[in-house]
2 protein chains.
Amino acid sequence: MEGFPLKNSAIDIEKDFKKYETIAEKLKAIAHPYRLCIVRGLLSGECNVTTIQECLNLPQSTVSQHISKLKSAGIIEGKRNGLEICYRVVDNDIINAVKLLFND
Amino acid sequence: MEGFPLKNSAIDIEKDFKKYETIAEKLKAIAHPYRLCIVRGLLSGECNVTTIQECLNLPQSTVSQHISKLKSAGIIEGKRNGLEICYRVVDNDIINAVKLLFND
DNA sequence: TAAAAGTATTATTATATCTTAATATTACAA
DNA sequence: TTGTAATATTAAGATATAATAATACTTTTA
C-alpha cells in the first residue's frame, strides 16, 4: 500500500516522472551489448573509433551510430585529435553503475 | 590502443560477449520509465499489481506486461497471497544500481 | 589542391517494443 | 456453483530500434 512514488500531487508526479524518464534514457543508451562493451572499454582508457571498431569487428557505420547514441545520451564525450576523435565516459552515475554490474 | 575487452582469443570473445548480452538484457528490462518506477517502488516495500496500477495510473494490462518483463529478466519475483500477488526485487546488482542512480 | 584516413550522416529494410482493448485464468466468497 | 476481484495473456496497430551500404564531412599530408 505504501512506497510508490507517483501517488502525491500532480506536481510531484510530473517532477518525479521526469526523473524516471531521464534515468531510463541513460539506461537505454547502455542497454545494448555493443554499447555496453564500448563504455566498459572506454573506462579502461580513452580510445578512438577505429580501435573500437577493430575490437568489436563491426562495420564502421554501426560503431559510429552506437557512439552517436552514447554521445546523445550524455554518457561519452569526444575530443578531436587530428584525424582521430578520442572518446571518454563522462557520466559518473553510469561509470559507477557499469563498474558495479561488472564487479570492476 | 589498449583496454578493449574483445581483442583476445575467439573463446574469450564468446565468453565476454555473453556477459555483455546478459547484463544488457537486465538493463533493458529497467530502461523504461514505468518499469524503473515499478522497481524503485518495490524497493520501498512489497506491493501488488493493483497498487502499482493505481499509482502509475495505467491500464491494468499495461502494468501487467511491464511486470512480466521484469519477471522474465529475473529482476522481480511474485508470491501469490490469495487474490493478490506480491512482487519484490530479487536481483542484487539491479537493486544496487537503481539505488545508485537515484541516490537512495 | 588532390588524395587518403578517420569519422559522421543518410537511407533502407528488418526486427523489436509499446500500448491497450478484449479475453482468459485463478482464487475467494456468497 | 455462480459471481467477482486480482492478475495474466493475446492480438493488433503504432512507434522505435538495429544493422549496414552508400555517401559526405573533416583533417592531414604529399
Side-chain angles (χ1 to χ4, degrees), chain A residues 1 4 6 17 20-39 41-42 45-88, chain B residues 1 4 6 17 20-39 41-42 45-88:
Chain A
M1 198 104 66
F4 263 78
L6 298 193
F17 194 65
Y20 289 106
E21 282 181 317
T22 304
I23 296 183
E25 276 307 308
K26 282 190 193 178
L27 287 172
K28 208 162 58 169
I30 63 166
H32 185 288
Y34 293 156
R35 291 198 293 271
L36 201 50
C37 188
I38 290 171
V39 168
L42 292 180
E46 304 190 12
C47 205
N48 61 23
V49 175
T50 306
T51 311
I52 298 170
Q53 177 190 336
E54 285 164 357
C55 292
L56 289 175
N57 201 31
L58 289 173
Q60 181 264 323
S61 68
T62 304
V63 172
S64 197
Q65 301 234 45
H66 285 305
I67 293 262
S68 175
K69 287 195 180 173
L70 291 169
K71 207 168 31 175
S72 298
I75 289 170
I76 67 175
E77 274 178 20
K79 197 177 78 175
R80 184 175 277 276
N81 196 340
L83 286 175
E84 305 179 347
I85 298 179
C86 273
Y87 287 97
R88 57 188 242 281
Chain B
M1 198 105 66
F4 262 79
L6 297 194
F17 194 65
Y20 290 107
E21 281 181 318
T22 304
I23 296 183
E25 275 308 308
K26 281 190 193 177
L27 287 173
K28 209 162 55 169
I30 62 167
H32 184 287
Y34 293 157
R35 292 198 293 272
L36 201 50
C37 188
I38 291 171
V39 169
L42 292 178
E46 305 191 14
C47 205
N48 62 22
V49 175
T50 305
T51 311
I52 297 171
Q53 178 191 335
E54 285 165 357
C55 291
L56 289 175
N57 201 32
L58 289 174
Q60 182 265 323
S61 69
T62 303
V63 172
S64 198
Q65 300 234 44
H66 285 304
I67 293 264
S68 176
K69 287 196 179 172
L70 291 169
K71 206 167 35 177
S72 298
I75 289 169
I76 66 175
E77 273 179 22
K79 198 177 78 175
R80 184 176 275 276
N81 197 341
L83 286 176
E84 305 178 345
I85 299 179
C86 273
Y87 288 97
R88 57 188 241 280

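We name chains A, B, ... by the order of the sequence lines, and we start the count at 1 in each one.
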Selected nucleotide, minimal atom distance to B:P59 side chain, candidates C:dC18, C:dA21, D:dA18: C:dA21
Rounded to the nearest Å, what distance is computed from the CD1 atom of residue B:I85 to the P atom of nucleotide D:dT9? 9 Å
So does A:K71 get a side-chain nitrogen or oxygen closer than 4.0 Å to the phosphate oxygens (OP1/OP2) of C:dA8? yes
Examine C:dT17: is either OP1 or OP2 under 4.0 Å from a nitrogen or oxygen in the side chain of B:H66? Give yes or no. no
Side chain of B:T50, base of D:dA6: donor and acceptor closer than 3.5 Å? no
Provide, to the nearest angstrom, the distance between the NZ atom belonging to A:K79 and the C1' atom belonging to D:dT26. 18 Å
Between atom CZ in A:R35 and atom P in D:dA19, what is the gap in whole Å? 8 Å
Take the protein atom NZ of B:K69 and the nucleotide atom P of C:dT20, then report the distance between them rounded to whole Å. 13 Å
Looking at C:dA5, D:dT20, C:dT7, which one has an atom nearest to any side-chain atom of A:L58? D:dT20
Please state how far atom CG in B:L83 lies from atom C1' in D:dA6, giving the value in whole angstrom units. 6 Å
side-chain N/O A:R80 vs C:dG6 OP1/OP2, d < 4.0 Å: no
I need the A:I52 CD1 to A:Q60 CD distance, nearest 0.5 Å. 11.5 Å
Ignoring hydrogens and angles, answer whether the base of C:dA8 and the side-chain atoms of A:S68 contain a donor-acceptor pair closer than 3.5 Å. no
Are OP1 or OP2 of C:dT20 and a side-chain N or O of B:T62 less than 4.0 angstrom apart? yes
Send over the distance from B:E25 CD to D:dA18 C1', rounded to a whole Å. 14 Å
Any side-chain N or O of B:H32 under 4.0 Å from OP1/OP2 of C:dT19? yes
Whether the side chain of B:Q60 and the base of D:dA6 hold a donor-acceptor pair under 3.5 Å is what I'd like checked. no
Sorted by position of nearest nucleotide on DNA chain C, 5' first, the leading residue of A:Q65 and A:E84 is A:E84
Side chain to side chain contact (heavy atoms under 4.5 Å, CB included) with B:Y87: of B:I75, B:L70, B:V49, only one passes, and it is B:V49
Can you check the B:L56 CG to C:dT19 C1' distance for me, whole Å? 14 Å
side-chain contact (heavy atoms from CB on, under 4.5 Å) evaluation trace for B:N48 with B:L83: CA-CA 10 Å; B:N48 62 22; B:L83 286 176; over 6 Å; no
Could you check A:G82 against B:I67 and say which one's nearest nucleotide on DNA chain D is further toward the 5' end? B:I67
Strictly below 4.0 Å: does B:K28 bring a side-chain N or O up to OP1 or OP2 of C:dA16? no
Closer than 3.5 angstrom, by distance alone: can the side chain of A:R35 be matched with the main-chain N or O of A:A29 as a donor-acceptor pair? yes
Applying side-chain contact (heavy atoms from CB on, under 4.5 Å), run through A:L42 and A:R88 and close with a yes or a no. CA-CA 6 Å; A:L42 292 180; A:R88 57 188 242 281; 5.8 Å; no
Just by distance, do the side chain of A:S68 and the backbone of A:S64 share a donor-acceptor pair under 3.5 Å? no
Please determine, for the side chain of A:V49, which listed nucleotide (D:dA18, D:dA19, C:dT7) has the closest atom? C:dT7
Whole angstroms only, please: what is the CG-C1' distance between A:L70 and D:dA18? 14 Å
